[in-house]
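Remember, it's 1-based here, ligands and their atoms both numbered in the order they're listed.
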Amino acid sequence: MTKSISGKTKVCGLIGDPVEHTMSPAMHNAAFKEAGLDYVYVAFEVKSGSLGKAIEGMRAFNIAGLNVTIPHKVNVIPFLDKLDPLAEKIGAVNTVVNDNGVLTGYNTDATGFLQPLLEREIEPEGKYVALVGAGGAARAVSFILAERGANLVIINRQEELDWAADLAEKITQAFGKAVNAMELTRGNLAGALEKADILVNATSVGMSPNDDETPVPANLLKSGIIVYDVVYNPIKTKLLKDAEAARAETISGIDMLVWQGILAFEKWTGIKPPFDLMKAEAVKFL
Ligand code: NAP
């Protein structure tokens, strides 16, 4: 946040429900201050029935940018004027830019997931990826990986296997590339991991307070594989601890979280904020 709010201060924010526990105001306000930008970021609790009014409010109040979180990432789309092609393919938006009254939706969850891989010089093209989960995060992850040329298998528990099959079908349609969906069993995991270069956990398994849970048995992990957990609380999940013990390379969901923020900030302001500063602010919350 800038030192003092004035008549010129631009407003950005988050809409979702709930929003009390979000780290985004801390991350963005620290970055605005660091960059000397006269902006402020606030969290707005918006109930599902009020989403349309909230977006009208964004126009009326000339709010410069919004992040969008659960439960609005899909339903916000009809209220926007334009969609970035990747967000359109994914069918979900987490960032809105207000450009002189024209609202454009982006998905920086997807590009934020990609960035920690690219930073480590891991290019998804041609890599085999075992993706566990088929919910909202898995959707963003699977589309960006498919767009970057990875070979995907989506693994989800039996109860909701249809979700995984549906996601696989959508990706096949969007990218003309066959994607398999399979049930989350030890046997299927073992088979997928034998071939995989990258394992991604996009389920909520292992998230606080269930820190002692993991979606993948430790003895299936091996060195040479990259294990990327989208869960960011705790920063080091049981899956990542097990992966480290197996001498696999690990990436924490905290990096994805920070990068989705960096990329949103950049879209609103044209400035790329420092990763370390935003990560330090996020970590204070955990
Ligand atoms: P979601 O849409 O509710 O999806 C949750 C996924 O987890 C589903 O595939 C679900 O399977 C699976 N799951 C839940 N409990 C399970 C269990 N006991 N065993 C096996 N699978 C289970 O949630 P989401 O929005 O995708 O979020 C998932 C995680 O990603 C959360 O921890 C969230 O905090 C994190 N996340 C991180 C970032 C980041 O920036 N790092 C961004 C977004 C989300 P079913 O389909 O069978 O229910």
Under 4.0 Å from a heavy atom of Ala134: give me the atoms of ligand 1 that qualify, with their elements. 9 (O)
Aromatic contact between Phe113 and Tyr228, with the criterion being ring centroids under 6.0 Å apart: yes or no? yes
Which residue and non-hydrogen atom of the protein lie closest to atom 37 (C) of ligand 1, and at what distance in Å? Val230 O, 3.1 Å
Carboxylate-amine/guanidinium contact Glu281 Lys284, below 4.0 Å: yes
Counting N and O atoms only, with roles assigned by atom type, does the side chain of Arg139 sit under 3.5 Å from a partner on the main chain of Leu167, one being a donor and the other an acceptor? no
To which protein heavy atom is atom 8 (C) of ligand 1 closest, and what is the distance rounded to 0.1 Å? Gly135 N, 3.9 Å
Would you say the side-chain atoms of Asn67 and Tyr41 include a donor-acceptor pair closer than 3.5 Å? yes
Between Lys8 and Asp38, does any NZ, NE, NH1 or NH2 come within less than 4.0 Å of an OD or OE carboxylate oxygen? no
Think Lys267 forms a cation-pi with Tyr106, using NZ or CZ under 6.0 Å from the six-ring centre and within 45 degrees of its axis? yes
Among protein heavy atoms, which sits nearest to atom 42 (C) of ligand 1, and what does the distance come to when rounded to 0.1 Å? Met256 CE, 3.8 Å
Would Val132 and Val200 satisfy side-chain contact (heavy atoms from CB on, under 4.5 Å), going step by step from the backbone distance to the final call? CA-CA 6 Å; Val132 187; Val200 181; over 6 Å; no
Hey, which atoms in ligand 1 end up nearer than 4.0 Å to a heavy atom of Leu184? 20 (C)
protein heavy-atom neighbour closest to atom 26 (O) of ligand 1 works out as Ala137 N, 2.7 Å
As a check for students: among Val231, Thr237, Asp109, Asn156, identify the option with a heavy atom nearest to atom 46 (O) of ligand 1. Asn156
I want to confirm something. Looking only at heavy atoms, which of Thr203, Val141, Ile254, Ile70 is nearest to atom 12 (C) of ligand 1? Thr203
Which atoms from ligand 1 have a heavy atom of Tyr232 less than 4.0 Å away? 34 (O), 37 (C), 39 (C), 41 (N)
Find all atoms of ligand 1 within a distance of less than 4.0 Å from any non-hydrogen atom belonging to Gly133, and give their numbers and elements. 9 (O)
Given Gln260, Met207, Lys73, which has its nearest heavy atom closest to atom 32 (O) of ligand 1? Met207
Nearest heavy atom to atom 28 (C) of ligand 1, choosing from Ala202, Gly136, Ala110, Ala92, belongs to Ala202
Using 4.0 Å as the upper bound for N to carboxylate O, is an ion pair formed by Arg59 and Asp81? yes
Answer yes or no: is there a side-chain heavy-atom contact under 4.5 Å between Val258 and Asp255? no
Run down the list Arg157, Glu213, Arg139 and name the one with the heavy atom closest to atom 13 (N) of ligand 1. Arg157
Would you tell me which option among Val132, Val205, Asn210, Asn201 has the nearest heavy-atom contact to atom 19 (N) of ligand 1? Val205
